Each structure stands twice: as C-alpha cells, then as structure tokens.
Amino acid sequence: MTTVLCAVRRLSVTYRGQQAPALTGLDLDIRAGERLAIIGESGSGKSTFARTLAGLLPAGATVAGDLRWAGGHAPRAGRNVGFVFQDPSASLNPVLTVGEQVAEGARRHLGLSRREALFRAVEMLGRVHLPDPERTVKAFPHQLSGGQRQRVAIAAALAARPGLLIADEPTSALDMVVQAEIVALLGELVRGAGMTLVFVTHDIALASGFADRVAIFRDGALVEAGPTRAVLAAPQAAYTAMLIASHRGLATPPLVRGADR
Ligand code: ADP
Ligand code: MG
C-alpha cells in the first residue's frame, strides 16, 4: 500500500492578466516517500505545478480544483515543504552569511535558539557535503561556486526537516558534472530521511537516473505518469516517445543506469 501525500484533482491555474490557463485539469498523485520527476518543455506548466504544491503562487493567480493532502491540511512552505529554485544566487541573500541563511528556517520553524540553529546549520552544511562546515557557515554566497551555493540552498530548504522537498530545475544553471553531483546529493538526502521529492526538469535523461516515477507535462496538461522504467520502456503517448527518442543518442547510458538502480 502506498500512502498518497497529495491527491491533485482537476487542478487549473490561471495567472492574473493571462487568458490561457498555465495548468488545465491536472490529475496526479504524489506518493509519500517517492521521488517524482515532473518533466516537460519550457512553458509546459512545471513551475506552476511546483509553486501550487508549495503554496508559492503569486498573488492574483486563480486556482481551481483540489489538492487533497494526507492529514487534511496543506504543508507550509519553509516548514513542512522545502523549495529549491533553479538559480541559487537568486534564492540566497548576498548580505547574509551562509550560516545565517541555513539557520533561519531552523530557528523559525523548529524553535531553536540562535546558537542551536547555527549548530544545526553546521550540521546541514556537512550533510550537503560542503567542505569545512565550521568555516563555510561564516562565508558569504559570493565566496562560493555555483554548485556550492546550490548545496547551501538545499541545506536551507532542509534545515526545518520538511517531509516534502520540491526542487524546480535545481541544476539547470550548473555545469554537467556539478549537475550530476547535485542530483546524486538530492537522491541521497531524500532516501536517508524518508522524504518525498518532487523534482522538476526539462531533461528526461537526468530524471530517469533517479526518479521512481515520472510525470510528463505538455502545454499545461499531464500527458502521462507512471513508474520511470515502465514509461521509458513503453511510453503510452506519442509525445513521450518523441521526448525519449530525442534524448536517446545522448542519454542511453544514464537511462540504462537509472533503470538498474
Ligand atoms: P515551465 O516551468 O514548465 O517552464 P511555467 O509553469 O513557468 O512553465 O509557465 C507555464 C505558463 O504560464 C507559461 O505560458 C508562462 O508564460 C505562464 N506564466 C508563468 N508564470 C507566470 C506569471 N507569474 N504570470 C503570468 N504568466 C505566467
Ligand atoms: Mg519552470
């Protein structure tokens, strides 16, 4: 038996001032403890879906349909849902130390003292494999590389021990090697903590390396969803088959490795 963390039903989202909805009539279950990849081209509604789940839609967006959360209430961003954005530079404050930013969520949501929260920040920096956490807590974002900044953003998102982590194209701004490291890190952290991961990407090959299930989005609608291996081996929709085919030359090794993991 799998527990459904959030049953999304007939979800439609329209931004203020837009004629066309960004999402239309979407049905999708997020299962507790799974690593779910949301895959689609730019503009397909992936970020809209991620923001809706996290309660981070901009003011004035109209939401129709239901999000039925296990336990009855929606999680709170920062507390029971962590969010990692595409660009770590944009999500980190340049004038605060890394430690202050990672500690903030722990202070606010776990009720830790300043000292305890800084301790927790050091622990989190170690957990995301940043070198020399005791020193790195005192660093400012600009003193770190892009990959290190994204590790900090992940540490900050996880500091309050959320049950759900949503990562919206967290590696798109990074180079290939660092991308692979960050993906591996997310997989490890989520497995270790029994968290649910919703990972948004335009890259089906990247997703197939670690996702338990994939959901393919196109033009604000769900094309298909299913176990990664099954969807890759036998896509139900012509669109999914095309996405897979367009990646095959590049992606055969990761696809195979992902399927065997
Ligand atoms: P993706 O993340 O897959 O690239 P988005 O969810 O960002 O797609 O966008 C889906 C659609 O909604 C696009 O047509 C986009 O232009 C539109 N959109 C996204 N954010 C906003 C916004 N804040 N205001 C108006 N339209 C938006
Ligand atoms: Mg997006």
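Note that this is a predicted model, so its numbers are computed, not measured. Order of appearance sets the numbers: ligands from 1, and atoms from 1 within every ligand.
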Considering only heavy atoms, does His202 approach ligand 1 within less than 4.0 Å through its side chain, its backbone, both, or neither? neither
closest protein heavy atom to atom 12 (O) of ligand 1 is Ala22 CB, 3.3 Å
Is it true that the side chains of Glu41 and Ser44 contain a donor and an acceptor less than 3.5 Å apart? no
Between the side chain of Gln101 and the main-chain N/O of Asn93, is any donor-acceptor distance below 3.5 Å? yes
Which atom names give the shortest non-hydrogen contact between Val231 and Ile244, and what distance separates them? O-CD1, 3.8 Å
Non-hydrogen atoms of Gly40 versus ligand 1: any pair closer than 4.0 Å? no
Heavy-atom contacts under 4.0 Å between Gln18 and ligand 1: side chain, backbone, both, or neither? side chain
Any ring-ring contact (aromatic ring centres under 6.0 Å, His included) involving residues 65-97? Give me the pairs, sequence neighbours left out, ordered by first then second residue. Phe83-Phe85
Under 2.8 Å from the Mg ion (ligand 2) - protein N/O/S, by chain and number: Ser47 OG
Nearest non-hydrogen protein atom, atom 3 (O) of ligand 1: Lys46 NZ, 2.8 Å
Write out the residue and atom name of the closest protein heavy atom to atom 8 (O) of ligand 1, then the distance separating them to 0.1 Å. Gly45 N, 3.2 Å
Donor-acceptor under 3.5 Å (Arg149 side chain, Ser89 main chain): no
Given Arg68, Arg9, Arg213, the one that forms salt bridge (Lys or Arg N to Asp or Glu O under 4.0 Å) with Asp29: Arg9
Between the main-chain N or O of Ile39 and the side-chain N or O of Thr201, is there a donor-acceptor pair closer than 3.5 Å? no
Protein non-hydrogen atom below 4.0 angstrom of atom 22 (C) of ligand 1 present: yes
Taking all heavy atoms of Gly147 and all of Leu174, pick out the closest pair and write down the distance. N-CD2, 3.7 Å
Test side chain to side chain contact (heavy atoms under 4.5 Å, CB included) on Thr171 and Asp203 and set out the steps. CA-CA 10 Å; Thr171 65; Asp203 186 341; over 6 Å; no
Just which atoms of ligand 1 are under 4.0 Å from any heavy atom in Glu41? 3 (O)
Starting from atom 19 (C) of ligand 1, what is the nearest protein heavy atom, named by residue and atom, and what distance separates them? Tyr15 CE1, 3.4 Å
Distance-only criterion, 3.5 Å: show the donor-acceptor pairs between side-chain atoms of residues 105-115 and protein atoms not counting sequence neighbours.
| unit_1 | atom_1 | unit_2 | atom_2 | d |
| --- | --- | --- | --- | --- |
| Arg108 | NH2 | Glu104 | OE1 | 2.6 |
| Ser113 | OG | Glu116 | N | 3.1 |
| Ser113 | OG | Glu116 | OE1 | 3.3 |

Name the atoms and distances for all side-chain donor-acceptor pairs under 3.5 Å in residues 135-143, with sequence neighbours left out.
| unit_1 | atom_1 | unit_2 | atom_2 | d |
| --- | --- | --- | --- | --- |
| Thr136 | OG1 | Pro131 | O | 2.7 |
| Thr136 | OG1 | Asp132 | O | 3.0 |
| Gln143 | OE1 | Phe140 | N | 2.7 |

So the atoms of ligand 1 within less than 4.0 Å of a heavy atom of Ser47 turn out to be 1 (P), 2 (O), 6 (O), 7 (O)
Nearest to atom 13 (C) of ligand 1, what protein heavy atom do you find, and at what distance? Gly43 O, 4.0 Å
To the nearest 0.1 Å, how far is atom 5 (P) of ligand 1 from its closest protein heavy atom, and which atom is that? Thr48 OG1, 3.6 Å
Does atom 16 (O) of ligand 1 have a protein non-hydrogen atom under 4.0 Å from it? no
Spell out, as yes or no, whether a donor-acceptor pair under 3.5 Å connects the side chain of Glu224 to the backbone of Leu222. no
